[in-house]
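Here's a structure for you.
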Amino acid sequence: MDTIIETIGRAILAFTIMMIITRLLGKQTIAQMTYHDFVAAITLGALTANLAFNLQIKMGQLIAALLTFSAIAYLLMILSLKNRYLRKWFSGQPTIIIQNGKILEDNMRKLKFSLDTLNQELRERNIYNIEEVQFAVLELNGELSILRKAEYLPVTRKDLKLKYNKRQWFPIELIMDGKIIHHNLKQNQLQLDWLMGLLNKKGLRLDQVNYAVKNSNGKVIFDLYDDQMSNPIDKE
C-alpha cells in the first residue's frame with residue numbers, strides 16, 4: 001500500500017514539475033520542435049517517467065537531473081534568441097527543397113528526405129503536380145512550406161475586383177459553456193447590457209446558449225445546447 005501511495009505522489013509531482021517546465025520553456029518549444037527541443041523533450045520525458053515510477057532511484061536525484069536538463073534547455077533557448085549563429089547550430093535552418101520548380105537532389109540527400117515523402121507532403125497540400133511548385137522549403141520544425149507558381153495561385157476577391165469588407169476583427173468569444181466571458185467583454189469595450197440585449201432580441205436565455213462569438217465580420221453567432229436536429233450525426 002505504501003508503494004502505491006508513493007507512486008501516486010511521485011506521478012503527481014512529476015506531472016506538476018513538467019507543467020511548470022513547459023510553461024517556462026514557452027509555446028514555441030511545443031509548436032516548433034527543433035534539434036535541441038527534440039533532445040530536451042526526449043530526455044525530460046525519460047526523467048519524468050523515472051521520477052513517477054522508478055522507486056529504486058532517489059527522488060532527490062531525479063529532481064536534480066530534471067531541473068538540470070530543464071536549465072540547459074532554457075539556456076539554449078535564450079542563447080538561440082540572442083545569437084543568430086548559435087541559433088543556426090542549435091536549431092538548424094530552413095532548407096530549400098524545390099527552387100524555381102526544380103528539385104534540389106543534393107539538399108534532399110543531405111536531409112535524408114525522399115521523393116516519396118516530398119510527394120506525400122505536396123499531396124497533403126492538394127498539390128498533385130510538381131510543376132505547380134515554385135519554391136518548397138523544409139522548415140526547422142519539419143514542416144514543408146510551399147509557394148505555388150503564379151498561374152496556380154488561387155484567385156482572390158481583390159483579383160476579381162469584387163467588393164469586400166476591408167476591415168476585419170479578431171473573433172471575440174462572448175459565451176463559452178454557458179458562461180459569459182466578462183474578461184473578453186471588458187477587454188474589447190463591450191457592455192454586458194449589449195450582450196443581454198442581443199439574447200433578448202433572439203428570445204434566448206443565457207442557460208440555453210452553449211457558445212457565442214463575435215466573428216471577424218462583427219456578426220454575433222449563437223450556438224445553443226438544443227440544436228433541434230432530429231437525426232444528429234454523433235460518431236467518432
Side-chain angles (χ1 to χ4, degrees), residues 18 22 25-46 48-49 73 76-77 80-81 84-173 176 210-211 213-217 219 221 223 227 229 231-236:
M18 280 306 300
T22 304
L25 294 179
K27 296 178 181 178
Q28 181 177 341
T29 303
I30 301 172
Q32 300 178 9
M33 191 67 73
T34 58
Y35 293 150
H36 76 269
D37 294 329
F38 179 74
V39 172
I42 291 177
T43 306
L44 292 174
T48 304
L76 292 180
M77 182 178 66
S80 296
L81 289 173
R84 183 169 179 266
Y85 296 102
L86 288 177
R87 182 163 64 247
K88 282 185 177 181
W89 197 86
F90 289 140
S91 304
Q93 57 185 331
T95 304
I96 297 176
I97 300 296
I98 298 176
Q99 182 174 347
N100 296 325
K102 304 295 184 181
I103 297 174
L104 304 183
E105 290 83 2
D106 288 342
N107 284 355
M108 291 186 60
R109 197 176 300 114
K110 290 176 183 176
L111 295 171
K112 313 296 189 295
F113 201 81
S114 70
L115 285 170
D116 289 334
T117 304
L118 175 61
N119 285 325
Q120 177 185 335
E121 294 281 351
L122 294 176
R123 287 194 299 270
E124 288 177 355
R125 288 155 180 78
N126 294 321
I127 298 175
Y128 290 85
N129 299 309
I130 201 166
E131 66 266 18
E132 296 181 23
V133 181
Q134 183 73 29
F135 286 97
V137 181
L138 190 64
E139 304 291 357
L140 300 181
N141 61 355
E143 293 289 330
L144 193 68
S145 299
I146 295 170
L147 175 65
R148 293 175 186 249
K149 292 180 181 177
E151 59 266 33
Y152 295 106
L153 290 173
V155 178
T156 65
R157 296 179 69 88
K158 186 176 181 180
D159 294 329
L160 298 175
K161 297 182 180 179
L162 298 175
K163 291 182 178 180
Y164 60 95
N165 185 6
K166 292 185 178 181
R167 184 178 178 185
Q168 291 189 316
W169 294 265
F170 193 83
I172 303 168
E173 293 175 330
M176 185 175 290
N210 172 45
Y211 183 67
V213 60
K214 185 178 181 182
N215 64 21
S216 59
N217 295 322
K219 184 178 180 181
I221 306 297
D223 179 78
D227 293 317
M229 297 176 64
N231 295 299
I233 298 175
D234 187 14
K235 295 181 181 180
E236 291 291 337

Min side-chain heavy-atom separation Ile130-Ile98 under 4.5 Å: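 Yes. Closest side-chain heavy atoms under 4.5 Å.
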Heavy-atom pair with the smallest gap, counting every atom of Pro171 and Ser216: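 So the two residues come closest at CG-N, 4.3 Å.
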For the student: nearest non-hydrogen atoms of Phe113 and Leu138, plus distance: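 That closest heavy-atom pairing would be CE1-CD1, 3.8 Å.
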Donor-acceptor contact present, side-chain Asp223 to main-chain Tyr211, <3.5 Å: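 Side chain of Asp223 to backbone of Tyr211, a donor-acceptor pair under 3.5 Å: no, none is there.
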Side chains of Gln134 and Asn100 in contact at under 4.5 Å (non-hydrogen atoms):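 In short, these two side chains touch, coming nearer than 4.5 Å.
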Heavy-atom closest pair, residues Glu139 and Ser145: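 Looking at all heavy atoms of both residues, the shortest contact is OE2-OG, 2.8 Å.
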Asn217 (side chain) donor-acceptor with Lys219 (main chain) under 3.5 angstrom: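 No, because the side chain of Asn217 does not come within donor-acceptor range (under 3.5 Å) of the backbone of Lys219.
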Heavy-atom closest pair, residues Ile103 and Glu105: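 Smallest interatomic distance, heavy atoms only, reads O-OE1, 2.9 Å.
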Close side-chain approach of Leu144 and Thr117, heavy atoms under 4.5 Å: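 Of all side-chain heavy-atom pairs linking Thr117 with Leu144, none is under 4.5 Å.
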Residue pair Asn119 / Arg123, side-chain heavy-atom distance below 4.5 Å: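 Answer yes - side chains close enough.
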Spatial distance of atom NZ (Lys214) from atom CD1 (Ile221) [nearest 0.5 Å]: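 CD1 of Ile221 is found 12.0 Å from NZ of Lys214.
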Ile97 side chain reached by Glu121 side chain, heavy atoms, under 4.5 Å: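 A side-chain contact under 4.5 Å is absent here.
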Pairing residues for Arg148 by the salt bridge (Lys or Arg N to Asp or Glu O under 4.0 Å) criterion, not counting sequence neighbours: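 Glu132.
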Leu122 side, atom CG; Asn129 side, atom CG - distance, nearest 0.5 Å: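 Leu122 atom CG to Asn129 atom CG measures 10.0 Å (nearest 0.5 Å).
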Rounded distance (nearest 0.5 Å) linking atom CG of Leu104 with atom CG of Leu111: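 Between Leu104 CG and Leu111 CG, I get 10.5 Å after rounding to 0.5 Å.
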